[in-house]
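Notes to accompany the following structure.
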Amino acid sequence: MMPAPRFRGALIWFVAFALVANALPAAERVPGKAAIASAHPLATAAGHEILEKGGNAFDAAVAVTAALAVVYPTGSGLAGGGFYLLHRASDGRDVMIDAREKAPAAASRDMFLGPDGNPVPGLSLNSALAAGIAGEPAGMEHLVKEYGRLPLALLLAPAIRLAHEGFPVTPHLRAVIEYKREVFAKQKEVARIWLRHGAAPPLGTVIRQPQLARTLETLAKHGLRDFYEGAVSRQLVAGVRQLGGIWTAEDLAAYRIVERAPIVGEYRGARIISAPPPSSGGIVLVEALNVLSGYDLAQLDSATRKHLIIASMKRGHRDRAVWLGDPDFVEMPVAELIHPYYAAGLRASIRLDRAMPSAELPGILPASQGPQTTHFSVLDAEGNRVAGTITLNFLFGSGLVVPGTGLFLNNEMDDFSKKAGVPNGFQLVGNAANEIAPGKRMLSSMTPTFIESPRGLMIAGSPGGSYITGMVLLATLDFLDGRSAAEIVAAPRIHHQYLPDVLQYERDALTPTEIESLTKRGYTLRESQRGWGNLQVVTWDYASGRVDAASDPRGEGEGQVY
Ligand code: GLY
């Protein structure tokens, strides 16, 4: 039966509107809701406070970054760096702010090698030499000046409050402090704040950071440039040199962010927007998805599906090791690596019944990467987005605090290849493209990513060093399979990074049948007892208008929709 004319008219309008709305590029859609997922509930709340005050996603990203530096310094901090992948709704602009650390001018290729020509154990991790010139404050400054709408002082206010008033020690934080106890005990100021009677503080102990609060207040008053050319920079240079480092006033004054065009790919109707070099993330992600686009994964049995995902990860990571570094220093065949024809060639080397040992892939000389970092995802009600992955590299960076500032120094220099042929702490290998040079950015695996599909949008990223890109790949496949944000962050994970030639898996990631089938194909399997990653995901379903935010249950973060 036809509806009555009045309703028929409304129906025609409704259908026409729905068709037009569905055909609109994502940039022109408006979610009407905002969402934030970050590694700490207080950082998520700091972002929310800024949205409430009329800030956009870019303002919220600054507030979340500053709050994370206070309540989650295991993952990131002002004396670190990171990448902010942005989408501006008003003009559809996608861009990545590269706020990656740079090697100081006095750095040199062999600076971490001892008299025997081998890396000195720990030097690129636990000393002030391990610190690259920090980029995070410059990234925040650029967000505020070019993309945000609220004043810096307002954006830093939640972090300043948290530094003054303190926040409680959680199980994760307690475990990490325990891990760093000896390093902290050697520094009086650090021990006073982070230890109690020489040990990790009991759960619930309130951690207050008055020096960090003062540093943040100085930056709020004088601007973030003060970190590079002002009172804070003078403190940093003097403090780093006192700790044995090589930072100079000129290094800090010369630091600039770079706006870089993201890596863009296509996978089964979805648009992939991700991090370009000096991150390897976007290239490895798009290359792996290009390889997978030759198969109808949904039609394959689960073991074969996982075999192909692993085969694509392995090939992507192999190319990372061979080709990638800082684009301002090395020529890279980026267009070729993310070209579908290249992926077709890689597919030709994949057999469905057998794993190809990594040693049979064209070889490389052996580079570097760390397990701790943090990610947050923000969507505002207008459709602006930020995928921010920021880092000090390993847990609490070097563990050294620059005297008087409350700032933990990064140990990002370990992300360079210290010596060809020597894998780093994360067993990643690389070559000359990622060797140390003054002013060069070290290669990263951080993979802040947007996925735009007919189903909707996903904003995603994670810490986890060499594991990051594989996690974003699995999250992408899960999103395109229709999984919810909560399901995506919780799903058990598999990983292969080319070398070592081992398929790692979390408990429950493989069934006994899959284990048998993959073993028969020739894989060496290793179950991880602890799992990895801390994925932060925001999704927006176009058809229902539903927005979701989810934080990885492996961590202690929080996703909220407002
Ligand atoms: N430090 C972790 C990364 O950049 O990949």
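Phe184 has its ring centre less than 6.0 Å from the ring centre of Phe408. Taking the six-membered ring for Trp, Tyr179 and Phe396 have ring centres at least 6.0 Å apart.
Side-chain contact between Ile338 and Ile263 is present, with heavy atoms from C-beta onward closer than 4.5 Å. Between Leu292 and Leu477 the shortest side-chain heavy-atom distance falls below 4.5 Å. In this structure, His375 and Met471 have side chains that are not in contact, with every pair of non-hydrogen atoms separated by 4.5 Å or more. With contacts defined as side-chain heavy-atom distances shorter than 4.5 Å, the pair Trp194/Thr205 does not qualify. Taking the side chain as every heavy atom from C-beta outward, Ser377 and Val537 never approach each other to under 4.5 Å. In this structure, the side chains of Val538 and Trp540 stay at 4.5 Å or more apart for every pair of heavy atoms.
Salt bridge Arg493/Asp552: present, at least one basic N to carboxylate O contact under 4.0 Å. By the 4.0 Å N-to-carboxylate-O rule, Glu178 lies too far from Arg196 to be salt-bridged with it. Using a cut-off of 4.0 Å between Lys/Arg side-chain N and Asp/Glu carboxylate O, Asp328 and Arg260 are scored as salt-bridged. A salt bridge links Glu412 and Arg100; the closest N-O separation between the charged side-chain nitrogens and carboxylate oxygens is under 4.0 Å. The pair Asp98-Arg441 counts as a salt bridge, with a side-chain nitrogen and a carboxylate oxygen less than 4.0 angstrom apart.
For the residue pair Arg256 and Tyr228, no side-chain donor N or O sits within less than 3.5 Å of a side-chain acceptor on the partner. Using modelled atom types and a 3.5 Å distance limit, the side chains of Arg268 and Ser453 yield no donor-acceptor pair. If you check the side chains of Gln497 and Ser466, you find a donor sitting under 3.5 Å from an acceptor. Looking only at atom types and distance, the side chain of Ser551 has a donor-acceptor partner in the side chain of Gln536 under 3.5 Å away. Side chain to side chain, His142 and Glu259 meet the donor-acceptor criterion of an N or O pair below 3.5 Å. There is a side-chain donor-acceptor pair under 3.5 Å between Thr44 and Ser38. Judged purely by distance below 3.5 Å, without hydrogens or angles, the side chains of Thr469 and Thr447 pair a donor atom with an acceptor atom. Side-chain N/O atoms of Thr65 and Tyr84 include a donor and acceptor closer than 3.5 Å. His222 and Glu217 share no donor-acceptor pair across their side chains, judged by distance under 3.5 Å alone.
Nearest heavy-atom pair across Val402 and Leu243 is CA-CD1, 4.2 Å. Closest approach of Pro158 and Leu155 over heavy atoms only: CD-O, 3.4 Å. Looking at every heavy atom in both residues, Gly461 comes nearest to Val472 through CA-CG2, 4.2 Å. Pairing each heavy atom of Arg271 with each of Ile273, the nearest pair is NH1-CD1, 3.3 Å. Considering every non-hydrogen atom in both Ser233 and Phe227, the closest pair reads CB-O, 3.1 Å. Summarising the geometry of Met313 relative to Ala288, their closest heavy-atom pair is N-CB, 4.4 Å, with the distance given to 0.1 Å.
In this structure, Arg385 is positioned above the aromatic face of Phe450, its NZ or CZ under 6.0 Å from the six-membered ring centre and within 45° of the axis. Cation-pi check for Arg88 over Tyr147 is not met; the charged atom does not lie both under 6.0 angstrom from the ring centroid and within 45 degrees of its normal.
By the 30° and 60° cut-offs, the orientation of the rings of Tyr467 relative to Trp532 is tilted.
A side-chain donor-acceptor contact under 3.5 Å links Arg208 to the backbone of Glu165. Listed for the Asp226 side chain is a donor-acceptor partner under 3.5 Å among the backbone atoms of Ala231. The backbone N or O of Ala79 lies less than 3.5 Å from a partner atom in the side chain of Asn410, making a donor-acceptor pair. Side chain of Asp59 to main chain of Val144: no donor-acceptor pair is present (N/O by atom type, distance under 3.5 Å, no hydrogens or angles).
Taking OG1 of Thr215 as the reference point, atom CG of Leu156 lies at 11.5 Å (rounded to 0.5 Å).
Residue-environment remark: CZ (Arg174) exceeds the threshold of 12 foreign heavy atoms within 6.0 Å. By the neighbour-count criterion of 12 heavy atoms within 6.0 Å, atom CZ of Arg530 is sparsely surrounded, having that number or fewer from other residues, nucleotides or ligands.
The only option from Thr74, Thr389, Thr391 that meets the side-chain hydrogen bond (donor to acceptor under 3.5 Å, both in side chains) definition with Thr373 turns out to be Thr391.
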